[in-house]
Amino acid sequence: MSWFQSDSQADRIVPPSGFTANLTTFAAAAMAFLAVFALALSFATGRLADRWSAELARSSTVRISAPEGQIAAQTQAALNVLNTTPGVASATVLGPEEQRALLAPWFGPDLPIDTLPLPQLIDVIEDGDGFDVDGLRLRLSAEAPGAVLDDHTRWRRPLIKAASRLRMLGFFSILLIGLTTAAMITLAANAALAANAQVIRVLRLVGAQDLYIARAFIRRFAQRAGVGALAGVVLAMIGVALLPEASTAGGFLTGLGFQGFEWIWPLFIPILAAGVAYWATRYAALRTLRGLT
């Protein structure tokens, strides 16, 4: 007989409602709800870091620090080098307003740019093949000694590292949710077994085997966990769908959710919940039945 094959006689051992039934269903629903958001966080973090890394990889900055009388000449020299460098799609000198916009998040919009000895910045955009960083640095040092090339490598590496850790944290959270679900279902199964100890003894007297009795608990608790997890997943997916759409202005918070085929992944959570309930209940039932005399 299959562990999940229905048996009305054996199913009567496990009460269809009550504390253990409600606890199992609620725990599975709550854990599935949290698992969906942990999964959404993992996907969103990965997308955000990939986008930032790609944007920084396509752009570089040339910073020119020189005496005031040499800024213009070195800027033009740097532009000549950049415009003749293979792999450079464009090179744009940033004006005072653009530099003020860059500094506004840290110093506010009223920063007096004209009175500060700020270096001249040139925004460099790469084409698909990119350019030789070391070769460009050598050419700039020869033609414009005050020019320093920043290819944003030091910005990309922390982003990739942080994204990797956040993704691991998201999946680790899902693992903890699964373990917590297993623990709560085990406790609920133990409570149900203890409450039906007298019935189990009577069944043994009439010849029922422990595996026959255990199947009733396994079926009932796996069904409760699956139904509860499905309800939690549906509610969570509705909540994720109602979140604001991703936008440049909103940044990370509006990018939290699923895109494309990512919507399929939460649908596996009820199946996993039923599997967790199966093994947790099987362990609890067989262990408890061996202890009953």
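Note: hydrogens, waters and symmetry copies are ignored here, and every other heavy atom, side chains too, is used.
The main-chain N or O of Arg220 is never found under 3.5 Å from a side-chain atom of Gln223 such that the two would form a donor-acceptor pair. Judged by distance alone, with hydrogens and angles left aside, the side-chain atoms of Ser141 form a donor-acceptor pair with the main-chain N or O of Leu138 at under 3.5 Å. The main-chain N or O of Gln259 is found under 3.5 Å from a side-chain atom of Glu262 such that the two form a donor-acceptor pair.
Thr281 has its side chain out of reach of Thr186: every pair of non-hydrogen atoms, C-beta onward, lies at least 4.5 Å apart. Contact of the Leu82 side chain with the Val62 side chain is registered, since non-hydrogen atoms from C-beta on lie closer than 4.5 Å. Side-chain contact between Phe258 and Ile264 is absent, with no heavy atoms from C-beta onward closer than 4.5 Å. Inter-residue side-chain proximity for Leu169 and Arg165 is flagged as unmet; no heavy-atom pair is nearer than 4.5 Å. For the pair Met237/Leu267, a side-chain contact is recorded, criterion being any heavy-atom separation below 4.5 Å from C-beta on. You'll find the side chain of Ile71 reaches within 4.5 Å of the side chain of Thr75, heavy atoms only. Between Val93 and Gln120 the shortest side-chain heavy-atom distance falls below 4.5 Å.
Crowding of Trp279 atom CH2: a count of heavy atoms from other residues, nucleotides or ligands under 6.0 Å not exceeding 12. Around the CD atom of Gln209, the shell of radius 6.0 Å holds no more than 12 heavy atoms that belong to other residues, nucleotides or ligands. No more than 12 heavy-atom neighbours from other residues, nucleotides or ligands sit within 6.0 angstrom of OH on Tyr283.
Connection of Val133 to Ile64 is established within a shared hydrophobic cluster, with ILVMFWY side chains joined at heavy-atom distances below 4.5 Å, either directly or through further cluster members. No chain of hydrophobic side-chain contacts below 4.5 Å, direct or via other Ile, Leu, Val, Met, Phe, Trp or Tyr residues, connects Met168 to Leu175. Transitive grouping of hydrophobic side chains (ILVMFWY, heavy atoms separated by less than 4.5 Å) keeps Phe268 and Ile177 in distinct clusters. Note on Phe43 and Ile174: same hydrophobic cluster, where clusters join Ile, Leu, Val, Met, Phe, Trp and Tyr whose side-chain heavy atoms are under 4.5 Å apart, directly or indirectly. By the rule that hydrophobic residues join a cluster once side-chain heavy atoms approach within less than 4.5 Å of another member, Ile269 and Leu34 end up as members of separate clusters.
The distance from the CG atom of Leu289 to the CG atom of Leu211 is 9.0 Å, given to the nearest 0.5 Å. A distance of 8.5 Å separates CD of Gln76 from CG of Asn83, quoted to the nearest 0.5 Å. Separation of atoms OG1 (Thr25) and CD1 (Ile185) is listed at 9.0 Å; rounding is to 0.5 Å. Thr85 contributes atom OG1, which lies 5.0 Å from atom CG of Leu136 (distance to the nearest 0.5 angstrom). We find the OG1-CG distance between Thr92 and Leu94 to be 7.5 Å, quoted to the nearest 0.5 Å. Taken from OH in Tyr278 to CG in Leu272, the straight-line distance is 15.5 Å, to the nearest 0.5 Å.
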Using the side chain to side chain contact (heavy atoms under 4.5 Å, CB included) rule, take Thr181 and Leu179 through it: C-alpha gap first, then chi angles, then the decisive distance, then the call. CA-CA 5 Å; Thr181 303; Leu179 293 175; over 6 Å; no
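Scored by the side chain to side chain contact (heavy atoms under 4.5 Å, CB included) test, Ile238 finds Val234, Leu242 as partners (sequence neighbours excluded). Listed by chain and number, the residues in a side chain to side chain contact (heavy atoms under 4.5 Å, CB included) with Ser65 are Arg63, Pro119 (sequence neighbours excluded).
Between the side chains of Arg139 and Thr84, at least one donor-acceptor pair of N or O atoms lies under 3.5 Å. When only modelled atom types and interatomic distance are considered, Thr61 and Asp150 share no side-chain donor-acceptor pair under 3.5 Å.
When all heavy atoms of Gly87 and Phe131 are compared, the pair lying nearest together is O-CD2, 4.0 Å. Between Leu193 and Ala284, the shortest heavy-atom distance links the atoms CD1-O, 3.7 Å. Closest of all the heavy-atom pairs between Ala182 and Val276 is CB-CG1, 3.6 Å. Closest heavy-atom contact between Leu39 and Pro266: CD2-N, 4.0 Å. Phe221 and Ala277 make their closest contact through O-CB, 3.8 Å (heavy atoms, listed as atom of the first residue, atom of the second, distance). Residues Asp127 and Val88 share a closest heavy-atom pair of OD2-N, 4.4 Å.
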